[in-house]
*Asks:* 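My structure is below; once you've seen it, I'll send some questions.
Whatever order the structure lists them in is the order used to number ligands and atoms, beginning at 1.
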Amino acid sequence: MELTLSIIKPDGVRRNLVGKIFSQIEESGLRIAATRMIHLSRREAEQFYAVHKERPFYGELVESMTTGPVVVSVLEGANAIARYRDLMGATDPKKAAAGTIRATHAVSIGENTVHGSDAVDTAKHEVGFFFAGTEIVNRAK
Ligand code: GDP
């Protein structure tokens, strides 16, 4: 069983899409093992996206992640990292496959509704970033 970090970004929370996105996650067979709603500070958003510091969109990304609350969740399943990336769809919603979360809900590449970890090491880091010291209460038996 693998764990991955999901974030429903402010554009998704603002447009009341939390339930719909949770349904897509659960219907895909992934399990919501832990979840909570938080409003990221600028510093937290900067730290979380530090790998993108040199990218031209970094400022815009940090700004958009702090415009309202987000829902951070730990998802569990066999190959959860790759399966959630598939379910999210391509970064640019115009390129996302039909039926994916981003094809269904995203507004633009900047407001693309969800984040998901992209590899085993980043998943470990990102789950720790938001859930260190928190019990992952809903693991599969
Ligand atoms: P992801 O793993 O699919 O989320 O994509 P990346 O790791 O490449 O980028 C992280 C996030 O930065 C994306 O989800 C987008 O919200 C944002 N982003 C990436 N490329 C662009 C861009 O060209 N313009 C803007 N405004 N945001 C971008």
*Asks:* Only heavy atoms of Lys9, strictly under 4.0 Å: list the atoms of ligand 1 that pass.
*Replies:* 13 (C), 14 (O), 16 (O)
*Asks:* Is the closest heavy-atom distance from Glu111 to ligand 1 below 4.0 Å?
*Replies:* no
*Asks:* Heavy-atom distances under 4.0 Å decide this one: backbone, side chain, both or neither, for Arg102 against ligand 1?
*Replies:* side chain
*Asks:* Side chain or backbone of Met88 under 4.0 Å from ligand 1, or both, or neither, by non-hydrogen atoms?
*Replies:* neither
*Asks:* Closest approach of Val107 and Thr113, non-hydrogen atoms and distance?
*Replies:* N-OG1, 4.5 Å
*Asks:* Among protein heavy atoms, which sits nearest to atom 8 (O) of ligand 1, and what does the distance come to when rounded to 0.1 Å?
*Replies:* Arg55 NH2, 3.9 Å
*Asks:* Quick check with a 6.0 Å cut-off and a 45 degree axis cone: is Arg36 positioned over the face of Phe131's six-membered ring?
*Replies:* yes
*Asks:* Does only the side chain of Glu63 get under 4.0 Å from ligand 1, or the backbone, or both, or neither? Count heavy atoms.
*Replies:* neither
*Asks:* Between Met65 and Ile8, is there a shared hydrophobic cluster once you connect ILVMFWY residues whose side-chain heavy atoms come closer than 4.5 Å?
*Replies:* no
*Asks:* Check this for me - ligand 1, Asn112, N or O atoms closer than 3.5 angstrom, yes or no?
*Replies:* yes
*Asks:* Which heavy atom of the protein is the closest neighbour of atom 2 (O) of ligand 1, given with residue, atom name and distance?
*Replies:* Arg85 NH1, 2.8 Å
*Asks:* Considering only protein heavy atoms, which is closest to atom 9 (O) of ligand 1, and at what distance to one decimal place?
*Replies:* His52 NE2, 3.7 Å
*Asks:* Between His52 and Phe57, how do the two ring planes meet: parallel, tilted or perpendicular, split at 30° and 60°?
*Replies:* tilted
*Asks:* Looking only at the side chains, is there a donor atom on one of His105 and Gln24 sitting less than 3.5 Å from an acceptor on the other?
*Replies:* yes
*Asks:* So is there a nitrogen or oxygen of Ile109 less than 3.5 Å from a nitrogen or oxygen in ligand 1?
*Replies:* yes
*Asks:* Locate the shortest heavy-atom distance separating Ala106 from Arg15; write the atom from each residue and the value.
*Replies:* CA-NH2, 4.5 Å
*Asks:* Hey, could you give me the CG/CD distance between Leu3 and Glu126, rounded to the nearest 0.5 Å?
*Replies:* 12.5 Å
*Asks:* Would His115 count as being in polar contact with ligand 1, using the rule that some N or O on each side must be under 3.5 angstrom apart?
*Replies:* no
*Asks:* So, taking the atom named OG1 in Thr67 and the one named CZ in Arg14, what distance separates them when rounded to the nearest 0.5 Å?
*Replies:* 4.0 Å
*Asks:* Starting from atom 3 (O) of ligand 1, find the nearest protein heavy-atom neighbour and note its residue, name and distance.
*Replies:* Thr91 OG1, 2.6 Å
*Asks:* Charged N to carboxylate O below 4.0 Å: is that the case for Glu26 and Arg31?
*Replies:* no
*Asks:* Is Lys9 paired with Glu111 through a side-chain N to carboxylate O contact shorter than 4.0 Å?
*Replies:* no
*Asks:* List the closest protein heavy-atom neighbour of atom 21 (C) of ligand 1: residue, atom name, distance to the nearest 0.1 Å.
*Replies:* Phe57 CD2, 3.4 Å
*Asks:* Just to be sure I'm reading this right: ignoring hydrogens, which of Leu61, Thr113, Asp92, Ile7 gets closest to atom 11 (C) of ligand 1? Compare them by their nearest heavy atoms.
*Replies:* Leu61
*Asks:* Identify the protein heavy atom lying closest to atom 26 (N) of ligand 1, giving its residue, its atom name and the separation to 0.1 Å.
*Replies:* Glu60 OE2, 2.9 Å
